[in-house]
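Since the structure comes first, as C-alpha cells, the remarks are kept for the end.
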Amino acid sequence: MPVHNAEIAAMFDQTAELLEIEGANPFRVRAYRKAARTIEALPKSLTSLLAAGEDLSKLPGIGKDLAAKIAGILASGKFEVLQSLKRELPGELGDIAAIPGLGPKRVKILYDRLHIRTLEDLRRAARAGRIRELKGFGEKSEQRILVALGKPILTEKRFKLSVAEAEAEALIKYVKPFVGRGQIAVAGSYRRRRETVGDLDIVVTGRKTSTISDRLVDYENVSEVVAHGPARTTVILRSGLQVDLRVVPAQSYGSGLMYFTGSKAHNIALRGLANDRGWKLNEYGLFDGKRRIAGASEAEIYKKLGLAYVPPELREDRGEVARARARQLPHLVQLGDIRGDLHAHTTWSDGTATIAEMAAAAKERGYEYLAITDHSKHVTIAHGLDSARLARQIDEIERVNETLDGLTLLKGSEVDILADGRLDFPDRLLSRLDVVVASVHYKFDLSREAQTERIVRAMDNPHVTIIGHPTGRLIGAREPYEVDMERLIAAAKKRNCCLEINAEPDRLDLNDIHAQAAKGAGVKLAISTDAHATHALAYMRFGIDQARRGWLEADDVINTRSLAKLKKSIKR
DNA sequence: GCCGTTTTCGGCCCGACTGTTTTCAGTCG
C-alpha cells in the first residue's frame, strides 16, 4: 500500500508541531512546514516521482536530508523522527496547541509544570484553578481555555468561497459608508480565489485612529470580538466566519493589500527578495532604510523587486516568483474568454428550465454555444433519459436551434459511466451527439485501481468528449473517490479526451493542482457549469477562478474557442 | 532543515494585539 503525499505532508506537519513544542530551531520547524506545503501541491505522487528516478531534493524546500527521509517513509511507511518525538511528548499536544491563545511555548509549560498531556488533563487543571498559578498565565487565560474546551469542535472550519462571498458582500456594504474616500478590499484567500476560505481579510485605508474598526465591532452579525486595536480588529461573525480588518494609510494601500492577500509563503519569498537588496518589505511599504520606495500599489512593489505583476490566484509560492522574475508568467484565462458552456441540464432530466429557456439565458451571457447534456437513464432520481427520450430530445434541440439566432445548441448528454466502465447509451446514439460528458454518479467506493480502470475504459469510447467532475468530490460534504489522477491525465492525453473543471461552487472539480497537472501533460480542459437552472450559468466565474489557480491560459480551455474550432478540436 | 551571480556557513519576514507584566513574551496572521 503506497504512502500518499497527503500522509507524508501530515507527518511533516505533526513533526513541525512537536519540534516547536520541544523548542527546536524555529527555522527547522519552518522547513518541515514548507516541505509539507510543497508536497501537498505536487501534481504527482512521491512514489511515482521516485520510481521515475526524479531527484526529490530538486523540489522547493526539500533538500538532501528531507529527500532521504521521504524515501525512507515511502519504503517503510514510518517516520522515525516523528515516532521518537511522539515518545518524548506523548498525548494530544497538537489538539491542546489548537486552542486559541495556546501556542507551543505555553503548551510546553503546561506539559512540564502540570504534566498536562490531554484535553481532559487540561480541563481538570483549569477547573482546579491550577493554570492561573503558572508564570505567564492568569485568570483570563484559564477562563479562555475553559470556554474553548466547552465548545464542541476545535477543528478549523473553512467556508466555501461562494458562501464567504455572500458574507463579504453584506459586510462590505455595511462598512463602506464609513470608509469615506478611502479604499477597501477583501484580501486573503478570498482574493486568491481559493475554493474555501478560513476567514475574511479586509484592508481599508484611513488613519489608524479611524472609527472603521469600531464600526466593525458594532456590526449586527458579530458574535465575538477577538481583538480590537487601532490598526487591526478581529471579530467572529454569527456564521462562525472570522473577519480580520486591517487599517493602513493611503500611501500603504498596495503593500497592505499585498501583505493581507498573501499567501504567507508568497510574502516570505517577496520579503526575502527585498532583503537581498538591503530593503525591507512590510505592510506599510517597501523601504530603503527609512525611505519608502514603493507602497501605494502592488504593481509598483512588484516592479521595484524586479518582478512582473503576479495575479493573486498565483500567489502560493508554487514557482510564480521565479517565473515573474523571468517574465514567464502565464497569461491567465479570463471570464471574457469563454464562448460557451458544455455541461447543462434542462427539465428533460433534473433541471428547472426548458431547453429554450436555457438557450435564452446562454445567449444573454453572450455565448456562441451551449451544450444540452441531460442525465442518462441510470440516474433514475434525476429522471435520466433512456434511448428513446434522448432520440426525441435530439430532434427537439434541432428544432429549437432553427429558431435561434447567434447561439447554437449542441446536442449532448451527461452519460453515466457504469460500474464496469461501459456507458449508459449505445454507441449508435452517442454518435449522433456533438458533446458527450461522461461522469461517475454511483459506486464511489471502488478501489483506486478499479475506479481508475473504470474511467479510463469510458475514455476508450471515442464518442466521449469530456470526463465530468473527475473526482466526484463535494466540498465539505463528500471526499473525492479514490482515483489515480496521474493515470487519468495520461490516459486523457493519449486519447485526446478532455477533462472538466466543474464550476459548480460545491464541486470545483478538477481542483487547481490537478488542473495544472493536466495542462502540464497537454490535456485540454472544459470549464463547465453543470447548470441545472438558468441562473447557474453564472457559476462560470468560479470555474474560471479555479482554472486561473491552476495556471490555465485561454488556449488550455476548449470552450474559449469559436464553435467551428471547438467542433474540430473535440473530434477524436 | 534549506539555500547560495558576493556566501557551502550563517543567514532565514515582519508587525499588531493581548495578557501578564512593570518592559515584554507569546501568539497570530
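Labels below follow one simple rule: chain letters A, B, ... track the order of the sequence lines, proteins then strands, and each chain is numbered from 1.
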Short side-chain N/O contact from A:Asn267 to OP1 or OP2 of B:dC13, under 4.0 Å
no

Under the side chain to side chain contact (heavy atoms under 4.5 Å, CB included) test, which residues partner A:Ala128, sequence neighbours left out?
A:Arg130

Closer than 4.0 Å, any side-chain N/O of A:Asn282 to the OP1 or OP2 of B:dA16?
no

Lys/Arg N to Asp/Glu carboxylate O, A:Glu316 vs A:Lys264, below 4.0 Å
no

Can you tell me how far C1' in B:dT7 sits from the matching atom in B:dC12, rounded to whole Å?
14 Å

Counting the atoms with a prime plus P, OP1 and OP2 as sugar-phosphate, which does A:Leu270 contact under 4.0 Å by heavy atoms, base, sugar-phosphate, or nothing?
nothing

Rounded to whole angstrom units, what separation is found between the CZ atom of A:Arg277 and the C1' atom of B:dC13?
16 Å

Residues 506-520 of chain A vs salt bridge (Lys or Arg N to Asp or Glu O under 4.0 Å), sequence neighbours excluded, gives A:Lys160-A:Asp506, A:Arg318-A:Asp512, A:Arg507-A:Asp530, A:Asp512-A:Arg549, A:Lys519-A:Glu553, A:Lys519-A:Asp556

Ignoring backbone atoms, test whether A:Lys64 places a side-chain nitrogen or oxygen under 4.0 Å from the OP1 or OP2 oxygen of B:dC3.
no

Does this structure show an ion pair linking A:Arg87 with A:Glu80, if we count only N-O contacts that are shorter than 4.0 Å?
yes

Whole-angstrom distance between B:dT20 and B:dT27, as gauged at atom P
13 Å

May I ask you to list the residues of residues 39-48 of chain A, by number, that have any heavy atom positioned under 4.0 Å from an atom of DNA chain B?
none

Can you give one letter per nucleotide of nucleotides 6-11 of chain B, going 5' to 3': B for a protein heavy atom under 4.0 Å from the base, S for sugar-phosphate only, - for none?
------

From B:dA16, B:dC12, B:dC17, nucleotide with atom closest to A:Pro230 side chain:
B:dC17

Taking atom P in both B:dA16 and B:dG11, what distance in whole Å separates the two?
25 Å

Would you mind classifying the nucleic acid contact of A:Glu139 as base, sugar-phosphate or nothing, using non-hydrogen atoms under 4.0 angstrom?
sugar-phosphate

Against A:Lys304, only a single residue in A:Leu281, A:Ile293, A:Asp288 fulfils side chain to side chain contact (heavy atoms under 4.5 Å, CB included); can you say which?
A:Ile293

Would A:Glu195 and A:Arg473 pass as an ion pair if we require N to O under 4.0 Å?
yes

Quick note, A:Ser141 side chain, CB onward, closest among B:dG1, B:dG19, B:dG15 is B:dG19

Taking only residues two or more places apart in sequence, or in another chain, which ones meet A:Asp65 in a side chain to side chain contact (heavy atoms under 4.5 Å, CB included)?
A:Lys69

When rounded to the nearest Å, what value does the distance between C1' atoms of B:dT6 and B:dG10 take?
14 Å

Summarise protein proximity over nucleotides 21-29 of chain B in one line of letters, 5' to 3': B for base, S for sugar-phosphate only, - for none, counting protein heavy atoms closer than 4.0 Å.
S----SSSB

At 4.0 Å (heavy atoms only), tell me whether A:Arg30 reaches a base, stays on the sugar-phosphate, or touches nothing.
base

Give a yes or no on this: more than 12 heavy atoms of other residues, nucleotides or ligands lie within 6.0 Å of atom CD of A:Glu479.
no

Salt bridge A:Glu283-A:Arg232, side-chain N to carboxylate O under 4.0 Å:
no

Between B:dA25 and B:dT21, how far apart are the two P atoms, rounded to whole Å?
13 Å

Length of the line joining A:Ile268:CD1 and B:dG1:C1', which is rounded to integer Å
15 Å

For the residue pair A:Arg181 and A:Thr205, confirm or rule out a side-chain donor-acceptor distance under 3.5 Å.
no

Complement of B:dG26, any strand, by Watson-Crick or G-U distances under 3.5 angstrom:
B:dC17

Distance, C1' atom - from B:dC13 to B:dT8, rounded to whole angstrom
24 Å

Answer yes or no: is there an ion pair linking A:Arg123 with A:Glu92, defined by an N-O contact shorter than 4.0 Å?
no

Side chain to side chain contact (heavy atoms under 4.5 Å, CB included) with A:Ile544: of A:Ile501, A:Leu335, A:Leu332, only one passes, and it is A:Leu335

Between B:dG15, B:dT20, B:dC2, which one does the side chain of A:Lys140 approach most closely?
B:dT20

Below 4.0 angstrom, N of the basic side chain to O of the carboxylate: do A:Asp55 and A:Lys58 qualify?
yes

